[in-house]
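Here's the structure we're looking at; comments come further down.
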2 protein chains.
Amino acid sequence: MNQLFSKMSIQMNEHLYLKDPTSSDLGQKILRGSISLISSLGFEKFTFKKLAIEIDTTEASIYRYFESKQKILLYLINWYWSCMWFRIHMGTQNIPDAEVRLKNCIHILTAIPDPTQELVLDNELELKQIVINESSKVLLTKNVDDENKNGAFTEYKKVVEFVSSIILEINPTYEFPNMLISTMIEGSNQQRFFAAHLPRLTNMNQHDDLVESFFTETLLKVIKHG
Amino acid sequence: MNQLFSKMSIQMNEHLYLKDPTSSDLGQKILRGSISLISSLGFEKFTFKKLAIEIDTTEASIYRYFESKQKILLYLINWYWSCMWFRIHMGTQNIPDAEVRLKNCIHILTAIPDPTQELVLDNELELKQIVINESSKVLLTKNVDDENKNGAFTEYKKVVEFVSSIILEINPTYEFPNMLISTMIEGSNQQRFFAAHLPRLTNMNQHDDLVESFFTETLLKVIKHG
DNA sequence: TTATATTGATAGTAATACTATTATATTTGT
DNA sequence: ACAAATATAATAGTATTACTATCAATATAA
């Protein structure tokens with residue numbers, strides 16, 4: 001049952017749920033339903049009531065799995081980052097050249113994955129869209145520190161540190177590897193949002209996707225001119 | 001009365017309010033009060049009821065100035081960007097060397113302003129903090145497109161395009177000036193947030209501020225190695 | 001087959017995001 | 001100085017949200 005959603009098994013942080021949603025039918029309907037509703041309504045208009053109607057259950061039942069809609073979103077985002085962590089491992093194994101490894105990571109972190117080849121989760125594309133549009137709504141809150149203590153962002157931090165270490169292999173004197181990677185990750189999501197809604201803030205449109213090439217060029221220039 | 005808050009007069013987009021809040025005593029109390037409450041509570045816990053109590057008026061009176069709390073936040077963000085636009089003009093006038101102009105812009109956009117020298121608004125520091133912590137909550141919504149049509153982001157876009165044009169003066173063949181500047185602006189805010197709450201995503205802490213030096217170094221390397 | 005856990009059905013509460021109405025000040029034009 | 005217009009205060013009310021609580025029905029496991 002664990003594999004229903006994915007080609008890999010993911011161990012999720014237990015502070016994010018009250019009852020493991022992968023362990024039951026209803027739990028999985030909650031995950032599926034929330035992905036689809038958050039995508040379509042946006043996080044502010046997404047409610048447990050609406051989700052209950054959508055998946056034909058009751059608010060009370062959903063509350064047995066998740067404390068709040070914020071926790072569901074944290075769960076989904078964590079799930080996405082576990083998936084990225086997995087893909088980054090796959091994409092850097094047995095590659096001796098650090099620059100090639102870095103380029104693979106940049107690709108994984110900034111490009112929209114090719115649905116015929118690269119997907120690790122069934123709903124990876126929808127999940128990525130949720131990360132792009134909604135993740136700052138649970139990150140930029142007064143209780144980040146509590147969520148952080150509970151490990152809500154561990155997977156994300158692991159990814160950033162892993163890629164930063166590749167940068168240091170290429171240029172051991174480079175001073176800002178973590179800043180560069182977290183800027184790239186957040187920036188790539190923002191640039192996609194801007195391309196869709198505020199194109200004057202970018203140099204691209206929705207049809208020619210320059211995100212990966214922009215960040216690849218930027219990072220290599222910055223790292224190699226130490 | 002227009003000058004009560006600032007050393008410059010700012011013409012605010014009239015789609016952002018129902019009644020000009022700079023035109024009355026109550027209006028100015030609403031602005032002051034919302035800046036202080038949004039800073040202390042965070043945007044999600046900020047309500048018109050709480051603001052009404054704080055400034056000793058009623059919800060109904062506040063609703064005569066602003067349609068919703070989202071509009072107040074948009075107003076404040078717009079105000080901040082008008083202020084940045086003004087500072088960027090001041091900081092680039094009569095400077096023939098494009099690289100110096102660019103460095104001044106990077107400073108204005110990424111550094112915390114020196115309170116004894118650089119402030120243009122009384123509440124510029126609080127406003128900047130609100131932009132750092134809250135602006136994505138009105139940007140990343142399903143109605144960005146409507147707000148954008150109403151001109152809610154015009155000042156921001158003007159700033160990005162102005163600085164991008166300086167980049168093109170330095171290197172006319174550079175392909176991604178707007179992406180670089182909007183990534184820098186958003187990134188500098190995020191890096192400050194990370195330094196305060198998720199330091200593993202950065203290479204700094206709250207006490208040694210590397211944001212300006214990181215972005216100055218990055219931008220110059222990227223632009224000049226065409 | 002009895003005990004246990006899981007879900008459904010229903011109800012209820014406090015807070016939020018508003019709208020509406022009327023009364024009371026305050027300002028302004030003449 | 002006074003009527004007219006305007007701004008604000010006071011109060012009430014509604015639909016929705018974000019929960020909590022209770023109890024019955026149903027599936028599952030010992």
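Excluded from the calculations below are hydrogen atoms, water molecules and symmetry mates; all remaining heavy atoms, backbone and side chain alike, are included. Residue numbers start from 1 in every chain, and the chains themselves are labelled A, B, ... in the order their sequence lines are given, proteins ahead of strands. Just so you know, these numbers come straight off a predicted model, no measurement behind them.
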| Are any non-hydrogen side-chain atoms of Asn123(A) and Trp79(A) less than 4.5 angstrom apart? | yes
| message | Applying side chain to side chain donor-acceptor pair (under 3.5 Å) as the test, list every pair that has at least one member in residues 47-56 of chain B; sequence neighbours left out. | response | none
| task | Decide yes or no for Tyr156(B) and Trp85(B): does some side-chain heavy atom of the first lie under 4.5 Å from some side-chain heavy atom of the second? | result | no
| request: If a protein heavy atom is under 4.0 Å from the base, mark B; if only from the sugar-phosphate, S; if neither, -; do that for nucleotides 16-23 of chain C going 5' to 3'. | output: SSBBB---
| query | Looking at side-chain heavy atoms only, is the closest gap between Phe153(A) and Val144(A) below 4.5 Å? | reply | yes
| field | N/O donor-acceptor pair under 3.5 Å between Glu212(B) side chain and Thr110(B) backbone | value | no
| field | Minimum side-chain heavy-atom gap Tyr75(A)-Met12(A) below 4.5 Å | value | yes
| message | Is there a side-chain contact between Lys19(B) and the phosphate of dT8(D), meaning an N or O under 4.0 Å from OP1 or OP2? | response | yes
| request: Report yes if some heavy atom in the side chain of Asn178(B) is under 4.5 Å from a heavy atom in the side chain of Val163(B); otherwise report no. | output: no
| query | Which parts of residues 51-58 of chain A get close to DNA chain C, meaning a heavy atom less than 4.0 angstrom away? | reply | Thr57(A), Thr58(A)
| Five-pair end axes of the helix from dT1(C)-dA30(D) to dT30(C)-dA1(D) and the angle they enclose, rounded to 10° | 20°
| request: Kindly say if Tyr65(A) contacts the phosphate of dT7(C), meaning a side-chain N or O under 4.0 Å from OP1 or OP2. | output: yes
| query | With a 4.5 Å limit on heavy-atom distance, are the side chains of Gln70(B) and Leu73(B) in contact? | reply | no
| said: Is there a side-chain contact between Gln191(A) and Leu210(A) in this structure, where contact means two heavy atoms from C-beta onward sitting under 4.5 Å apart? | reply: no
| task | Measure up the His197(B) and Phe193(B) rings against each other and bin them: parallel (under 30°), tilted (30 to 60°), perpendicular (over 60°). | result | tilted
| request: Would you kindly give the CG-to-P distance between Leu73(A) and dA18(D), to the nearest whole Å? | output: 13 Å
| said: Protein within reach of the bases, or only the backbone? For nucleotides 25-30 of chain D, mark each nucleotide 5' to 3' as B, S or -, using heavy atoms under 4.0 Å. | reply: ------
| Among pairs that include at least one residue of residues 127-144 of chain B, which meet side chain to side chain donor-acceptor pair (under 3.5 Å), considering only residues two or more places apart or in two chains? | Ser136(A)-Ser136(B), Glu44(B)-Lys137(B), Tyr80(B)-Lys128(B), Glu134(B)-Lys137(B), Thr141(B)-Asn143(B)
| field | Cation over ring face, Lys69(A) and Phe43(A), 6.0 Å, 45° | value | yes
| Heavy atoms from other residues, nucleotides or ligands near CD of Glu161(B) exceed 12 (cutoff 6.0 Å) | yes
